[in-house]
Asker: 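First the structure, which I've put down as structure tokens, then a few questions once you've had a look.
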Protein chains: 2
Amino acid sequence: MALEEAHWPEELFADLDRTSPLPMYSQVASRLESAIRSGVIPAGGRIESEMAIAERLQISRPTIRRAIQDLVDKGLLVRQRGIGTQVVQGQVERSVELTSLFEDLSQAGISATTTLLDHEVLEADEDVAARLSLPAGDPVLHIRRRRMADGVPVAVLDNHLPGEFADLLPASLEGAGLYQLLRSRGVGIRIAQQRIGARACTPDEASLLEMEPGAPVLTMERLTYDHTGRAIELGRHAYHPDRYSFSTTLVAR
Amino acid sequence: MALEEAHWPEELFADLDRTSPLPMYSQVASRLESAIRSGVIPAGGRIESEMAIAERLQISRPTIRRAIQDLVDKGLLVRQRGIGTQVVQGQVERSVELTSLFEDLSQAGISATTTLLDHEVLEADEDVAARLSLPAGDPVLHIRRRRMADGVPVAVLDNHLPGEFADLLPASLEGAGLYQLLRSRGVGIRIAQQRIGARACTPDEASLLEMEPGAPVLTMERLTYDHTGRAIELGRHAYHPDRYSFSTTLVAR
DNA sequence: GAGTGGTCTAGACCACCTC
DNA sequence: AGGTGGTCTAGACCACTCG
């Protein structure tokens with residue numbers, strides 16, 4: 001079985017910029033990725049060897065290697081020692097990144113709207129306090145929102161945040177994603193732990209999501225940490241399963 | 001706020017072996033990981049700088065850096081330029097790896113048993129053929145299994161594989177995980193695309209999982225590829241939501 | 001200014017695969 | 001034998017944070 005070696009158009013790496021703030025490995029990876037996603041490098045096709053690319057672009061092998069590794073981690077490429085690097089067969093879905101539902105929907109070109117159902121400062125009960133690494137009884141902001149996509153209800157979102165975020169304006173919560181607001185306050189989300197499950201919806205959720213009472217909902221509990229490793233937000237979400245699902249790409253190391 | 005700098009016990013890196021087939025970065029990472037998980041390096045604590053570790057262990061900085069990066073990718077550590085590297089606050093769950101349910105359960109010390117419900121060679125319909133990158137009508141192996149944990153039904157597993165796997169013995173499918181069997185045939189799973197959702201169970205699933213008809217099930221559809229990027233297996237699974245859920249850790253790049 | 005992580009270089013040796 | 005990716009080294013310069 002002959003493995004086709006792709007011949008790349010000259011322009012592919014024409015606009016690499018060594019003075020750009022974007023690292024070279026990132027520039028190389030993004031150009032490779034778009035070549036793969038657009039089919040310029042066909043599925044199953046082999047790409048040039050690390051050494052060849054390094055020499056062609058006049059960039060050191062470790063830098064090229066890092067660019068390729070990033071795409072391997074994304075599930076776009078596959079490497080075999082002694083063989084080479086190939087594009088994965090089959091269409092590759094875009095994997096779930098560390099973004100909010102709001103951003104997911106906007107990116108897909110769907111108009112997302114949010115209704116704020118609750119906005120209150122409570123004393124943290126033991127469970128919430130422990131998850132947020134706070135003393136029990138500390139003030140926490142609790143918000144509850146309903147998210148619609150193209151006018152159809154998609155999810156009910158419950159969130160708890162440390163008390164210092166109590167000044168998040170209700171109005172702003174209806175116009176933007178939570179992560180977007182946090183980012184504009186200089187809080188960068190870095191790590192999230194998720195648990196995804198299912199259960200029957202509550203009567204409350206049934207009416208908010210326009211479902212039959214007792215119908216299934218997809219649930220997600222997410223605990224997010226900022227760049228310092230501090231717990232920032234505890235989310236408990238319920239999704240209408242006909243209108244939302246989670247996609248991921250796993251790569252063995 | 002004072003960041004405690006952890007002082008590591010002398011023995012932590014005592015048994016590094018340069019002649020081992022395990023790479024040095026992997027040895028360093030696993031020792032660091034166990035020190036973190038066991039609390040020897042406390043949550044929120046800072047670890048030594050890359051340079052310091054490199055000098056102490058007489059290993060080059062890029063190698064140390066890779067070890068640390070692996071733990072950052074796992075969500076155990078957080079780095080800030082100009083500051084240092086800290087352990088993430090809060091208990092870190094073990095994230096979902098590219099393993100089968102069978103292995104997940106075994107690792108948790110739960111006795112998993114499997115009942116084979118179906119084992120047949122079919123002609124691939126258009127949908128299955130397209131997903132497996134086969135021509136429609138090609139023979140495919142379809143298997144259906146029920147998985148129990150400690151005597152309680154947990155999931156119903158439907159799988160389609162290319163015809164060449166038709167000789168997988170029914171008996172062996174009851175005694176081991178599918179991925180385990182494939183691995184023993186020299187087929188290594190490398191990449192998987194998953195979609196997780198929810199729906200009401202079918203009457204069939206209700207009786208197999210011992211649920212009320214119409215009760216919610218958690219569903220997972222998984223398409224796996226081997227190390228050459230070829231589609232190996234299409235799985236459609238239904239889980240009892242009170243007895244199973246999916247955990248992941250996401251890390252922003 | 002000193003220390004940190006982020007990037008990049010130019011080599012080296014090895015295990016593995018194909019021819 | 002020659003080419004591939006996997007690992008490792010010993011430097012370098014930079015941006016950033018802190019005292």
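Order of the sequence lines fixes the chain letters, A, B, ..., with proteins taken first and strands second; residue numbering starts at 1 for each chain.
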Asker: What is the distance, to the nearest angstrom, from the CD1 atom on B:Ile47 to the P atom on C:dT4?
Answerer: 11 Å
Asker: Nearest whole Å is fine: how far is C:dA10 C1' from A:Arg65 CZ?
Answerer: 16 Å
Asker: Rounded to the nearest Å, what distance is computed from the CD atom of residue A:Glu55 to the P atom of nucleotide D:dT4?
Answerer: 11 Å
Asker: Send over the distance from A:Ile53 CD1 to D:dG3 P, rounded to a whole Å.
Answerer: 16 Å
Asker: How does each nucleotide of nucleotides 11-19 of chain D score, in 5' to 3' order, for protein heavy atoms under 4.0 Å: base (B), sugar-phosphate only (S), or none (-)?
Answerer: -B--BBSS-
Asker: If only side-chain N and O atoms of B:Thr85 are considered, is one of them under 4.0 Å from the OP1 or OP2 phosphate oxygen of C:dG5?
Answerer: yes
Asker: Which residues satisfy the ring-ring contact (aromatic ring centres under 6.0 Å, His included) test with A:Phe165, sequence neighbours excluded?
Answerer: none
Asker: Over how many whole Å does the gap from B:His227 atom NE2 to C:dC16 atom P extend?
Answerer: 14 Å
Asker: Would you tell me if any nitrogen or oxygen in the side chain of B:Thr63 comes within less than 4.0 Å of OP1 or OP2 on D:dT7?
Answerer: no
Asker: Tell me if a side-chain donor or acceptor on B:Gln27 pairs with a main-chain N or O of B:Asp17 at a distance below 3.5 Å.
Answerer: yes
Asker: Please give me every residue in residues 15-32 of chain A whose heavy atoms get under 4.0 Å of an atom in DNA chain C, ordered by residue number.
Answerer: A:Arg18, A:Pro23, A:Met24, A:Tyr25
Asker: Could you tell me how far apart A:Ile59 (CD1) and C:dT7 (P) are, to the nearest whole angstrom?
Answerer: 14 Å
Asker: Run the side-chain hydrogen bond (donor to acceptor under 3.5 Å, both in side chains) test against B:Ser34 and tell me which residues pass, sequence neighbours left out.
Answerer: none
Asker: Checking all strands, does A:Ile68 fall into the base, sugar-phosphate, or nothing category for heavy-atom contacts under 4.0 angstrom?
Answerer: nothing
Asker: Any side-chain to backbone donor/acceptor pair from A:Asp226 onto A:Gly229? Under 3.5 Å, distance only.
Answerer: yes
Asker: Sequence neighbours excluded, which residues qualify as ring-ring contact (aromatic ring centres under 6.0 Å, His included) partners of B:His142?
Answerer: B:His160
Asker: Spell out, as yes or no, whether a donor-acceptor pair under 3.5 Å connects the side chain of A:Gln86 to the backbone of A:Ile47.
Answerer: no
Asker: Thinking salt bridges, do B:Glu50 and B:Arg66 make one under a 4.0 Å N-O criterion?
Answerer: no
Asker: Where the side chain of A:Arg66 is concerned, which of D:dG5, C:dT9, C:dT7 is the nearest nucleotide?
Answerer: C:dT7
Asker: Whole angstroms only, please: what is the CG-P distance between B:Asp70 and D:dC8?
Answerer: 11 Å
Asker: Less than 4.0 Å between a side-chain N and a carboxylate O, is that true for A:Arg61 and A:Glu55?
Answerer: no
Asker: Looking at A:Ser60, I'd like to know whether one of its side-chain N or O atoms comes within less than 4.0 Å of OP1 or OP2 on C:dA10.
Answerer: no
Asker: For A:Pro170, give me all partners under side-chain contact (heavy atoms from CB on, under 4.5 Å), at least two apart in sequence or on another chain.
Answerer: A:Leu116, A:His119
Asker: Rounded to whole Å, please give me the gap between CZ in A:Arg46 and P in D:dG3.
Answerer: 13 Å
Asker: Does B:Arg79 place a side-chain N or O at less than 4.0 Å from the phosphate oxygens OP1/OP2 of C:dG6?
Answerer: yes
